[in-house]
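Positions are given from 1 along the sequence.
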Amino acid sequence: MSRTEQLNRQTGVEEKSRGRWLALSVLVLAVLLVAVDATVLGLATPALSEDLKPSGTQLLWIGDIYSFVIAGLLVSMGSLGDRIGRKKLLLAGATAFGAVSVLNAYATSPEMMILARAVLGVAGATLMPSTLALIRNIFHDPKERSLAIGIWGATASAGAAVGPVVGGALLQHFWWGSVFLINLPVMIVLVVVGSKLLPESKNPVAGPWDLVSVGLSLVGVIAVVYAVKEVATHGLTWEVAATATLGAGALYAFVRRQFRLASPLLDMRLFKHRGFSGAVLADLLTVFGLSGLVFFLSQFLQLVQGREPLEAGLAELPAAIGAVVTGLVAGRYARRYSVRSIVTGGLAAIGLALGALTLIHKESGYPLLGAALLVVGLGAGFSFTVTADVILSSVPKEQAGSASAVSETAYELGAALGIALLGSVVTGVYQGFTAPAGVPAAVADAAHESLGGAVEAARLVDPATAQTMVHAAQESFVDGLRFASGVGAVVLLATAVAAWFLLKGQKLQDGIEH
């Protein structure tokens, strides 16, 4: 081979390598936006509550309907990307995401806000599985792919924690709708640059897209999660039992149908693999702890400790820093030691940090909060990144969309359950506080809906009574936060033990694919 040919070949390899990482930067942009959008609303909750005046139940729906809808549609959208092309689905979803963000920003009632968040979830469901599936097809060297997934995972984890910072900065100067309008310029960049840099990929023999399966998965996931949330908040009623039965029946029918279909939306045989199932479980509960903590600490920092939105957002930054640091090295450490030690250690770290928050009180200094958030971020970066790599490496690249959807469903379902279950615990304890004597029944009812409602209702009574009522509400909220942290700690530590056994012998790939 001549010197000129060698130089041309080397230049081509370098350009191809550079193109891979530039393409990754576009995918990371999409992940960052969807992850930020899941938690950015936390800091806007007080301002949104004052403007739209939602009930406590409506406020929880505003917080978690986005993740519910994404979780219900991810498997379907991942399978759709395998069929029509992941790049095509990603760019179409990005366009819709930007447009629907405007509807969220200008919502004028709690009902309209819930609907807008649900539609945003539909658009978001097209983005997440496409990004991870494209990584699977762009990076053929497993070690390079582990680093790419590490960057992807660090962005997803950090995005959830960065959301409050972005929200705080915007709320310092603008109204609550600005936390949605920030999506527009980012999505424009994603569509313009992504159309040029991203390669198209799909499964050439995927078969038809089964709409019955789409409907079953959507109804099943949303109904089951709704039932769990309602049981935690209001106890078991016949309506909740009926909803849970409907959801469980739909999911059972979905699973049965996948085994019968020649081209299923999701290959259920993957779950027979112990490592795959363990990775999915760890994935879900990692995000369960992270998202629940970030969502309710945002309210604690503002409504209990009286911090400004930006200050509260910056206070949660250690979680993002921790997730980025460990996400980037998680794959390397999992190869040096073992997958199960890294995942188990990450889950245990989150559990211990949540346990530390059972010591929190109204006057708690920042060192306790900051340290807990940092440890949660470190644990999430290790666990989430390695489990995503395990899930994605378990299938042929033609099925990357479906496997990515499983990982993303676990992520979004974890976020939804974290807010719903831990939020329901907080709300259940919070509503037990006693309003001062002489407070009108309507004012007391408003105060018991949410802590933001109590602060707003306090303006309707005399200053002395208002101070007493707000103090009682804050103490009750902190009691709920402590109890929810304890519940989360038990769940995460139990999952760490389970992961140790489920992930035994699991390894990340080393050989280059051809």
Side-chain angles (χ1 to χ4, degrees), residues 31 71 74-75 78 128-129 131-133 135-136 139 142-143 145-157 255 266-291 323 326-327 329-351 378-397 399-415 417-418 491-510:
V31 172
L74 275 169
V75 169
M128 296 296 271
T131 60
L132 198 51
I135 288 174
R136 176 72 168 83
F139 292 91
K143 291 184 179 179
R145 186 168 65 235
S146 286
L147 178 57
I149 292 173
I151 294 170
W152 178 92
T155 305
S157 299
V255 172
L266 177 62
D267 186 354
M268 300 305 301
R269 290 170 295 184
L270 291 172
F271 289 94
K272 294 181 179 178
H273 188 277
R274 176 169 46 82
F276 184 89
S277 297
V280 171
L281 177 66
D283 221 356
L284 187 151
L285 290 170
T286 295
V287 183
F288 173 90
L290 176 66
S291 62
T326 52
V329 299
R332 188 192 316 161
Y333 282 10
R335 286 183 172 84
R336 180 182 300 177
Y337 302 107
S338 69
V339 165
R340 74 170 181 171
S341 63
I342 296 301
V343 174
T344 298
L347 290 165
I350 300 172
L378 292 170
F382 273 133
S383 179
F384 181 64
T385 304
V386 174
T387 53
D389 202 340
V390 169
I391 292 168
L392 201 58
S393 301
S394 301
V395 300
K397 62 182 180 179
Q399 292 181 283
S402 297
S404 303
V406 172
S407 177
E408 286 309 310
T409 299
Y411 180 96
E412 294 299 337
L413 197 55
L417 288 173
V491 171
L492 267 297
L493 292 173
T495 308
V497 175
W500 179 258
F501 294 101
L502 290 172
L503 296 175
K504 182 181 179 181
Q506 186 68 47
K507 297 182 183 296
L508 298 184
Q509 290 180 333
D510 283 314

statement: Sequence neighbours excluded, the answer for side chain to side chain contact (heavy atoms under 4.5 Å, CB included) partners of Val255 is Phe259, Met268
message: If you compare all heavy atoms of Ile350 against all heavy atoms of Ala380, which two are closest, and at what distance to 0.1 Å?
response: CD1-N, 3.7 Å
- line: Closest heavy-atom pair, Val343 versus Ala499, reported as atoms and distance to 0.1 Å, is CG1-CB, 4.3 Å
- prompt: Taking all atoms of both residues into account, what is the closest heavy-atom pair of Leu378 and Thr326, and its distance?
  reply: O-OG1, 2.9 Å
message: Could you check whether any side-chain N or O of Ser383 sits under 3.5 Å from a backbone N or O of Gly379, counting only pairs where one atom can act as donor and the other as acceptor?
response: no
- request: Name all residues meeting the side chain to side chain contact (heavy atoms under 4.5 Å, CB included) criterion together with Ile151; count only those two or more places apart in sequence or in a different chain, and write none if there are none.
  value: Trp21, Leu24, Val28, Leu147, Thr155, Leu328
query: Which pairs with one or both residues in residues 338-350 pass side chain to side chain donor-acceptor pair (under 3.5 Å), sequence neighbours excluded?
result: Ser338-Ser341
query: Mind checking what makes side chain to side chain contact (heavy atoms under 4.5 Å, CB included) contact with Thr495, not counting sequence neighbours?
result: Leu281, Leu285, Leu347, Val491
task: Please report the closest heavy-atom contact between Val390 and Ala279, naming both atoms and the distance.
output: CG1-CB, 3.9 Å
Distance-minimising heavy-atom pair for Ala282 and Thr387: CB-CG2, 3.7 Å
